[in-house]
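As structure tokens, the structure follows; a few thoughts come after it.
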Amino acid sequence: MPSKKKPLGRRRARPTAAPKKAPVQKSKPLVAIYDLTDCEGCELAFVPVVEAVAKTCEIVEWRLTQEKRMDIGDRKIDVAFVEGSPMSAEDREFLGKLRERTKVLVALGACACIGGVPALAGTAEREKFMSLVYSPEYKPKSDTPALPLDTVVKVDYYLHGCPVLPEMAARFLEQVLVGKAPDKFGGYPVCLPCKAAGNPCLLIQGNPCLGPVSAGNCGAPCPTFGKVCYGCTGAVKGGNFTQMRHKLAEILGEEMAEAHLRIFLKDEKGKR
Amino acid sequence: MNMAGSNIDRFVTKIEGHGHIEADFSSSSVKLSIDEGERLFEGIVVGKRYEDVHFITPRICGVCPTAHNIASIRGIEAAFGVKPTETAIALRKAMLAAQIVQSHTLHLFFLSLPDYLGIDSATGLAAKNPKLLKVALSLKNASDALLKAIGGRQVHPTTTIVGGFTRFPTQKEVEASLKLIARTMKDAEAARDACAKAVGDFAPFHRETEYLSLDDYYGDSDVLTSKGEEFNPSDYDKNISEAVKLYSSAKYGTRHEHGFLVGAMARQINAGRRKQTGNTFENNVAQGEEIVEFLAEAQRNLEKAASLGLKRDELAVEFEPKEGVGVGALEAPRGTLYHKFWFDSEGFCTKADIITPTAQNLTNIEEDANAILAQNKDKSQAELQRLLEMLVRAYDPCITCSVH
């Protein structure tokens, strides 16, 4: 709660000491959006809903679009979205501090949830690629591969996708702000919305589609538009990975099958 | 913050990605240091099948994924000798044009215009100038809708493949897109005028430099330079070089050992539509004008695709992967983007080189920053710091792109 000396509201500020800065209204929940090493595609999902968001909550910090942090005094951030992967001591320290001042911490998008595409470069590969891309004298800014957020801090919710779709972001925010448990990921596979859309099965046609083992919360935009599913929304619960591997090996050969699966998934837990 | 024991100031700028300026005000020297973690995309794509390459590279940047996706596809097509149909090319051009409108809108309204208008952010814009926020959201939503109609998603397209498309939009969807463009055009013009008005005659410095851009934004042309030279984009590595700097996870583009500028302003200068004044802040005016130009370009290409019939049998041409090297170059929102790939006979990538517009601009940003300090000696340190941050934002740097 804000201290009496420094009231936070401007529009409804007490007449005694109205501060010039800090236009935080007491009643609105505080939302913050951050990014670590990433492509910023997921936080852009909030841009189309920014008007609606502004009505229901107060964006106290959005590093991409604002320079100054809003002064929130002793209040905690109600919901913090973090996109991207921690890759340095600075990132890990930031996450630790954020966790302390946040009620609900949300991993936003594939990089934050499961490491995303950059996690394809593991520790051994990073050393090799580093010398390919940079010079021998170059000292990397990162000291780990791209890791999921939950390797560093406790994550309350995962909002999967590469990218997170605006309708998913809007629905999630709505649910979490009214105190309803947000939709869980992984309850049904991509095949469900894909079949509902009347698409011919890409896997049966001999394409390496990961729909059967991937969470279908995205609504299957990729197969609907003729592209195989790469599993960016994470693994579906109880997905038959053994058969998926078998089928992929038929299409791509064993070695490529594993590499293909690994772009976003590896096993039932969605970890790689 | 002021670093202990030195007169070097480090400050962070509101940009896409993580970087900071290090300015030594006593000697008028500025370093732009890029702090993003190395993502090593050029390594990640090695060993991947060609169709995974253009799926992976858009993840370099969520602000201009379509540009990376199409640049990769064009590079692969160049390596395999694939020529897509006219309809496919028209739709790719429409996507690229919509991508430029989308990216410019985001940058101008959320990052750079607030500088000139004296507000901090998009939420500040909502409070101070709700009309302008409406214009921004209208343009953003329209370009999102166009990219979704053709590409399947507004970020990271799904319909584009080597050889063409997996799916064309229907005549109905194209008609709806054209109507949307017609409705949005007045907002594009309002955006253009707002940029011209906001920047006005703001010119805190002048410095001559070289401007580079492709004559044709889809890349079927030479790269032109404002010094009257031209080169084939597949010879980019002979004409521009990238230097590793130990303080930065992005590389710095140079040409004849100096910086050069790519992007909206360069495109307009090389097309003879803008005079060279040496004032980089005009880049934001140029971006505003491009919102109108590229919305019209999206319209022309959608009309063309519709008139060609959007035929299913013209979706994608057949081809066989083969051993080879190919360069895909195009004008991304921030300037010329090069993707170069080497493939083995089965279509597996063996090597990759990607040069992003922001990496090309970095040397020029530092040179401009030094010029600002040298030409504004009467200003206070706080004012100078402000100018430097504005300069960096005027370039619309995409740090995520620059560290790929």
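Being a predicted model, the structure only gives us computed values, none of them experimental. The sequence lines fix the lettering, A, B, ..., with proteins before strands; numbering per chain opens at 1.
Residue Arg59(B) touches chain A through both its backbone and its side chain, counting heavy-atom pairs closer than 4.5 Å. Of the atoms belonging to Ser135(A), heavy atoms from both backbone and side chain fall under 4.5 Å from chain B. Heavy atoms closer than 4.5 Å to chain A are found nowhere in Ile399(B), neither backbone nor side chain. If you measure heavy-atom distances from Asp52(B) to chain A, the contacts under 4.5 Å come from both the backbone and the side chain. Residue Leu165(A) touches chain B through its side chain alone, counting heavy-atom pairs closer than 4.5 Å. If you measure heavy-atom distances from Lys351(B) to chain A, you find no contacts under 4.5 Å at all. For chain B, no part of Pro86(A) is nearby; none of its heavy atoms comes within less than 4.5 Å. Residue Met256(A) touches chain B through its side chain alone, counting heavy-atom pairs closer than 4.5 Å. Neither the backbone nor the side chain of Glu242(B) comes within less than 4.5 Å of any heavy atom of chain A. Using a 4.5 Å cut-off between heavy atoms, Ser112(B) makes no contact with chain A at all. Using a 4.5 Å cut-off between heavy atoms, Val244(B) contacts chain A through its side chain alone, with no backbone atom that close. Contacts between Asp38(A) and chain B at a heavy-atom distance below 4.5 Å involve backbone atoms as well as side-chain atoms. Of the atoms belonging to Cys162(A), heavy atoms from both backbone and side chain fall under 4.5 Å from chain B. There is no contact between Phe165(B) and chain A, counting heavy-atom distances below 4.5 Å.
The candidate with the highest count of non-hydrogen atom pairs below 4.5 Å against chain B, out of Pro166(A), Cys232(A), Ala259(A), is Pro166(A). Taking Asp35(B), Asp353(B), Ile34(B) one by one and counting their heavy-atom pairs under 4.5 Å with chain A, the maximum is reached by Asp35(B). With chain B as partner, the option from Lys141(A), Arg126(A), Met87(A), Glu90(A) having the largest number of non-hydrogen pairs under 4.5 angstrom is Lys141(A). Note on Val46(B), Leu106(B), Asn141(B): by heavy-atom pairs under 4.5 Å with chain A, the leading option is Leu106(B). With chain B as partner, the option from Pro221(A), Pro140(A), Cys39(A) having the largest number of non-hydrogen pairs under 4.5 angstrom is Cys39(A). The greatest number of non-hydrogen atom pairs below 4.5 Å with chain B, out of Pro163(A), Ser85(A), Gly41(A), is found for Pro163(A). Of the listed residues Ala136(B), Pro157(B), Cys401(B), Ser248(B), the one with more heavy-atom pairs under 4.5 angstrom with chain A than any other is Ser248(B). Comparing Cys61(B), Cys398(B), Ser249(B) by how many heavy-atom pairs each has under 4.5 Å with chain A, the most go to Ser249(B). Considering only heavy-atom pairs separated by less than 4.5 Å from chain A, the leading option among Leu246(B), Ile60(B), Val403(B) is Leu246(B).
Between Phe172(A) and Val164(A), every side-chain heavy-atom pair lies at or beyond the 4.5 Å cut-off. Using a 4.5 Å heavy-atom cutoff, the side chains of Gln102(B) and Gln154(B) are in contact.
Checked against Pro223(A) for a side chain to side chain contact (heavy atoms under 4.5 Å, CB included), the options Val228(A), Val190(A), Leu203(A) give a single hit: Val190(A). Thr160(B) pairs with exactly one of Thr166(B), Asn69(B), Thr66(B) by the side-chain hydrogen bond (donor to acceptor under 3.5 Å, both in side chains) rule, that one being Asn69(B).
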Candidate pair Lys128(A) and Glu125(A), rule salt bridge (charged side-chain N to carboxylate O under 4.0 Å, His left out), full reasoning: CA-CA 5 Å; Lys128(A) 196 173 88 191; Glu125(A) 287 112 338; over 6 Å; no

Go through Arg171(A) and Glu167(A) one step at a time and tell me if the salt bridge (charged side-chain N to carboxylate O under 4.0 Å, His left out) criterion holds. CA-CA 6 Å; Arg171(A) 185 174 163 78; Glu167(A) 50 274 28; over 6 Å; no

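Side-chain contact, Arg334(B) with Ser103(B): a donor N or O sits under 3.5 Å from an acceptor N or O. Between the side chains of Ser142(A) and Glu38(B), at least one donor-acceptor pair of N or O atoms lies under 3.5 Å.
What you find for Leu117(B) and Leu132(B) is that their closest heavy atoms are CD1-CD2, 3.9 Å. Across all their heavy atoms, Gly62(B) and Leu44(A) have their closest contact at O-CD1, 3.3 Å. Closest non-hydrogen pair, Tyr34(A) versus Ala32(A), comes out as CE1-CB, 3.4 Å.
Of the charged side-chain nitrogens involved, at least one lies within less than 4.0 Å of a carboxylate oxygen, so that Asp115(B) and Arg386(B) count as a salt-bridged pair.
The cationic group of Lys227(A) does not satisfy the cation-pi geometry with Phe55(B), failing either the under 6.0 Å distance to the six-membered ring centre or the 45° limit from the ring axis.
With ring centers used as reference points, His260(A) lies under 6.0 Å from Tyr230(A).
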